[in-house]
Every structure is written in C-alpha cells, then in structure tokens.
**Student:** 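Please read through the structure below; I'll follow up with questions.
Only a predicted model underlies this, so the values are computations on that prediction, with no experimental measurement involved.
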Amino acid sequence: MNERYDYEIYVDAGIDADFAYMEDNGVHLIPMKYSIDGKEFIMNRVPTEEELRYFYTKMKDGSITGTSQITPFTYEKEFGEAVKKGKKILYIALSSGLSSTYSSSLTGMQSVLDEYPGAQIECVDSLGATAGIALLMQLAVNNRNAGMSLSENAECLRKSVLKVSYWFIVEDLQYLKRGGRISSTAAFAGNVLNLKPILKINDEGKLINISKQRGVPRGIKYLLECYEIAHDDTPLPDVYVVNANCPERGQKIADEVVKINPNAVIHQLSIGPVIGAHTGPGFVALIHFGNRDAR
C-alpha cells in the first residue's frame with residue numbers, strides 16, 4: 001500500500017491502460033482470467049507484445065477464446081487485505097452492461113463491511129470498458145491528488161461515466177456472433193459484403209451497433225466524424241486509440257484526431273486479451289470525454 005494516499009484506487013483487468021502510470025500513481029489491478037481453447041491464463045499485468053501476437057494469431061487460426069468473471073470471493077480478498085491495513089477503497093468496475101464484475105464487487109464489498117463495519121469502500125460502475133476505464137482512472141487520480149475525499153471522488157466519477165464516448169470498428173463479425181451480439185446470418189452477410197459495423201457503448205453500458213460502413217477506410221472515417229462532433233476536452237483532453245493487433249489503423253486514427261483537435265493528448269494502446277477475446281483482431285476504438293449520444 002502506498003502511504004501517500006488516504007484511499008487506494010482499484011480497477012479490474014477490463015481496463016486497457018498505461019501500466020507504468022498505474023504503478024506511479026498507486027493504482028491496483030484486480031486480475032481477470034481469459035482462456036484459449038480451454039487453457040486458462042491470468043491477466044494481472046500488461047501483456048507483452050509476444051503474448052499479444054500469440055493470442056491474436058490463435059484467434060485468427062480459429063481458436064476459441066473467452067473470459068471468466070471475477071468472483072465475489074476475489075473482491076472480498078482484495079478489499080479485505082486493504083481494509084486490514086487501514087485503507088479506504090475506490091474501485092472502478094467494468095460495465096455492468098457487459099459483465100457481472102460490478103455486481104460481484106458489491107457482494108464482496110458487503111462481506112468486508114460485515115466483518116469491518118467501519119470500513120469505507122466505494123464501487124463505481126464505469127458503464128464502459130477498455131480505455132474508457134483508463135480515462136475514469138486518470139480523473140480519479142487527479143481528484144485524489146487535488147485532495148478530494150473518497151466519497152467526493154466516487155460521486156464525481158459517477159457523474160462522469162456517461163461523459164465517456166466510445167466508438168468502435170470491428171474487422172470480423174464472427175467474434176460478435178460468438179458472443180451473441182449478432183445472428184449467424186448477419187455475420188455471414190456482413191463479411192461477404194465487406195461491411196464493418198460501427199459500435200458504441202450506450203448509457204446502459206451495453207454495446208450497440210450504430211452504423212455499417214463498407215470497408216475499413218470508410219469505417220475509420222466514420223469514427224473520426226463521431227469524434228469531431230462529440231469530443232469535449234473537459235474534464236480531460238486525453239484521447240485513447242486502442243487496437244487489436246492492427247497498430248497501423250490506430251496510428252491513422254491518432255494522426256487524424258490531432259488534425260481535428262490539436263489540443264488532444266493521444267494515448268495509443270493495444271487491447272489486452274480480456275476485451276480482445278470478444279472483439280477479435282482488427283478491432284480499433286476511439287475513446288474520449290464528450291457526448292456519447294452524439295450518434
């Protein structure tokens with residue numbers, strides 16, 4: 001535990017972020033399990049480039065990938081260890097619209113509070129995923145560094161979650177089909193016609209389709225149009241461009257974002273296995289503060 005702080009910030013492995021930033025600011029990662037053809041792995045740190053290449057190569061070759069939910073017991077253990085050391089906790093969870101991790105965190109939190117009635121724990125539903133959680137984490141760190149209390153910080157985050165905008169393009173529809181997002185017929189037709197779905201996360205924290213564009217270049221153009229009409233540099237000008245084994249697409253988007261908004265602070269990241277297991281290679285996302293209902 002870092003003695004500089006009155007409370008600790010936790011996130012889960014549904015985040016894609018700069019792990020050096022997390023370490024420098026005392027942010028804790030709750031690990032999540034993912035699998036490749038039934039073999040389990042644990043994401044408890046940023047994957048290496050070699051690990052990511054292996055993961056996405058296996059996906060391209062037809063391997064079945066998946067993830068496991070974080071159990072209430074894991075939260076009870078993680079939170080309990082911090083509380084025993086006299087720490088308060090602020091946790092930012094993967095969207096309740098995409099996972100049961102937030103619900104599990106509340107169950108684990110209650111078990112800790114039953115044992116330590118004076119403990120202070122705040123669980124915040126991000127209503128988002130990947131680098132959107134990173135944006136909220138940055139905001140939480142800034143608030144804490146500015147002297148904001150645990151409860152004030154949690155309230156600020158809850159008011160900010162719907163200000164995080166997510167715009168995604170998917171390369172291959174089979175991964176959405178596996179997850180039950182689209183039908184087999186729609187996936188087949190989309191792939192044959194080279195249609196690339198444009199997705200966003202809505203106010204319920206769920207993934208929805210907002211457009212179909214023929215080919216990746218048109219899809220990227222649409223993402224940039226979404227950013228142009230939706231971005232807002234408050235509370236942070238940071239923009240995350242995350243990709244699943246297609247860095248050249250991420251670079252193209254990053255270059256164009258700066259042309260649209262020279263004040264943008266760009267972060268380019270690879271999508272880890274926890275999110276990548278459900279999106280597949282070729283997926284790219286543009287995530288920032290702004291109006292997520294602009295499209």
Side-chain angles (χ1 to χ4, degrees), residues 15-18 95 97-98 126-139 142 156-157 159-173 176 181 190 193-271 275-276 279-295:
I15 192 174
D16 290 303
D18 181 347
S95 173
L98 301 173
S126 71
L127 294 175
T130 180
I133 303 175
L135 275 174
L136 294 170
M137 173 192 69
Q138 279 186 265
L139 181 59
N142 289 351
C156 175
L157 294 181
K159 291 179 178 179
S160 301
V161 295
L162 296 183
K163 297 177 183 177
V164 181
S165 298
Y166 300 81
W167 316 108
F168 306 140
I169 183 171
V170 179
E171 170 66 22
D172 192 328
L173 297 176
L176 291 179
R181 301 290 180 185
L193 296 172
N194 195 29
L195 294 176
K196 307 303 179 186
I198 308 298
L199 310 168
K200 74 171 188 176
I201 294 179
N202 67 9
D203 288 355
E204 296 178 349
K206 297 179 179 179
L207 201 60
I208 63 170
N209 192 319
I210 58 171
S211 180
K212 293 185 180 71
Q213 299 293 315
R214 182 157 292 174
V216 171
R218 289 186 179 181
I220 289 176
K221 182 175 181 291
Y222 190 90
L223 257 62
L224 291 165
E225 290 172 355
C226 291
Y227 173 75
E228 187 166 17
I229 64 174
H231 78 87
D232 182 350
D233 289 349
T234 57
L236 295 173
D238 296 72
V239 177
Y240 281 84
V241 182
V242 290
N243 75 87
N245 203 39
C246 54
E248 69 289 344
R249 292 180 185 173
Q251 186 63 56
K252 169 66 175 176
I253 291 173
D255 291 343
E256 294 301 319
V257 165
V258 173
K259 293 178 184 178
I260 295 169
N261 178 15
N263 295 321
V265 179
I266 306 292
H267 306 267
Q268 293 194 65
L269 299 171
S270 295
I271 295 176
I275 301 300
T279 63
F283 174 92
V284 65
L286 179 55
I287 303 171
H288 58 92
F289 276 110
N291 179 12
R292 68 162 63 180
D293 295 322
R295 290 285 192 182

**Student:** Report the residues that fulfil salt bridge (charged side-chain N to carboxylate O under 4.0 Å, His left out) with R249, sequence neighbours left out, ordered by chain and then residue number.
**Tutor:**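 E171.
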**Student:** What are the two closest non-hydrogen atoms of I275 and A129, and how far apart are they?
**Tutor:**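 Taking I275 first and A129 second, the nearest heavy atoms are CD1-CB, 4.2 Å.
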**Student:** Give me each pair satisfying salt bridge (charged side-chain N to carboxylate O under 4.0 Å, His left out) with a member in residues 282-295, each pair once, sequence neighbours excluded.
**Tutor:**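 Pairs touching residues 282-295 that pass the test: K200-D293, E225-R295.
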**Student:** Do you know the tightest heavy-atom contact between A244 and I271?
**Tutor:**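 Taking every non-hydrogen atom into account, N-CD1, 4.2 Å.
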**Student:** Which atom names give the shortest non-hydrogen contact between S126 and V161, and what distance separates them?
**Tutor:**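 What the structure gives for the nearest pair is O-CB, 3.5 Å.
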**Student:** List the residues meeting side chain to side chain donor-acceptor pair (under 3.5 Å) with N243, not counting sequence neighbours, and say none if there are none.
**Tutor:**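 Once residues adjacent in sequence are excluded, N243 has no partner under the side chain to side chain donor-acceptor pair (under 3.5 Å) criterion.
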**Student:** Kindly write out the residues that satisfy side chain to side chain donor-acceptor pair (under 3.5 Å) with Q251, not counting sequence neighbours, or none if the list is empty.
**Tutor:**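 Once residues adjacent in sequence are excluded, the partners of Q251 under the side chain to side chain donor-acceptor pair (under 3.5 Å) criterion are D255, Q268.
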**Student:** Check side chain to side chain donor-acceptor pair (under 3.5 Å) between T130 and all other residues, then give those that pass, not counting sequence neighbours.
**Tutor:**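 For T130 the side chain to side chain donor-acceptor pair (under 3.5 Å) partners, ignoring immediate neighbours, are D16.
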**Student:** Tell me the closest heavy-atom pair linking A264 and V257, and the distance in Å.
**Tutor:**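 So the two residues come closest at CB-CG1, 4.0 Å.
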**Student:** What distance do N263 atom CG and H231 atom NE2 have between them, rounded to the nearest 0.5 Å?
**Tutor:**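 Reported to 0.5 Å precision, the distance equals 9.0 Å.
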**Student:** Enumerate the residue pairs fulfilling salt bridge (charged side-chain N to carboxylate O under 4.0 Å, His left out) with a member in residues 227-238, sequence neighbours excluded, ordered by first and then second residue.
**Tutor:**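 Qualifying pairs, neighbours excluded: none.
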**Student:** Which distance, rounded to the nearest 0.5 Å, do you find between the CH2 of W167 and the CG of L199?
**Tutor:**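 With rounding to 0.5 Å, CH2 (W167) is 11.5 Å from CG (L199).
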**Student:** Rounded at 0.5 Å granularity, tell me how far CG in N142 sits from CE in M137.
**Tutor:**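 These two atoms lie 10.0 Å from each other.
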**Student:** Under 4.5 Å between any side-chain heavy atoms of Y227 and V239, yes or no?
**Tutor:**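 Yes, at least one pair of side-chain atoms sits under 4.5 Å.
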**Student:** What's the separation between atom CG in L224 and atom CD1 in I229, rounded to the nearest 0.5 Å?
**Tutor:**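 With rounding to 0.5 Å, CG (L224) is 11.5 Å from CD1 (I229).
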**Student:** Compare every heavy atom of N209 with every heavy atom of S211, then report the nearest pair and how far apart it is.
**Tutor:**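 Distance-wise, the nearest heavy atoms are O-OD1, 2.8 Å.
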**Student:** State which residue, out of I208, L127, I287, L207, fulfils the side chain to side chain contact (heavy atoms under 4.5 Å, CB included) condition with I201.
**Tutor:**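 Going through the options one by one, the only one that passes is L207.
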**Student:** List for me each residue that meets side chain to side chain contact (heavy atoms under 4.5 Å, CB included) alongside P235, sequence neighbours excluded, and say none if there are none.
**Tutor:**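 For P235, the residues satisfying side chain to side chain contact (heavy atoms under 4.5 Å, CB included) (neighbours in sequence not counted) are L139, F289.
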**Student:** Taking atom CD1 of I210 and atom SG of C226, what is their separation to the nearest 0.5 Å?
**Tutor:**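 It is 4.5 Å, given to the nearest 0.5 Å.
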**Student:** Give me the atom names and distance for the closest heavy-atom approach of I266 to A254.
**Tutor:**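 Here I266 and A254 meet closest at CG2-CB, 3.8 Å.
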**Student:** According to side chain to side chain donor-acceptor pair (under 3.5 Å), who are the partners of K259, at least two apart in sequence or on a separate chain?
**Tutor:**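 If we apply the side chain to side chain donor-acceptor pair (under 3.5 Å) test to K259, skipping adjacent residues, the hits are E256.
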**Student:** With rounding to the nearest 0.5 Å, note down the distance linking CD1 in I198 to CZ in R218.
**Tutor:**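 Going from CD1 on I198 over to CZ on R218, the span is 12.0 Å.
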**Student:** Taking only residues two or more places apart in sequence or in another chain, which ones pass ring-ring contact (aromatic ring centres under 6.0 Å, His included) with F283?
**Tutor:**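 Once residues adjacent in sequence are excluded, the partners of F283 under the ring-ring contact (aromatic ring centres under 6.0 Å, His included) criterion are F168.
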**Student:** Which pairs with one or both residues in residues 201-225 pass ring pair (Phe, Tyr, Trp, His ring centres under 6.0 Å), sequence neighbours excluded?
**Tutor:**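 Output for this query is empty, none listed.
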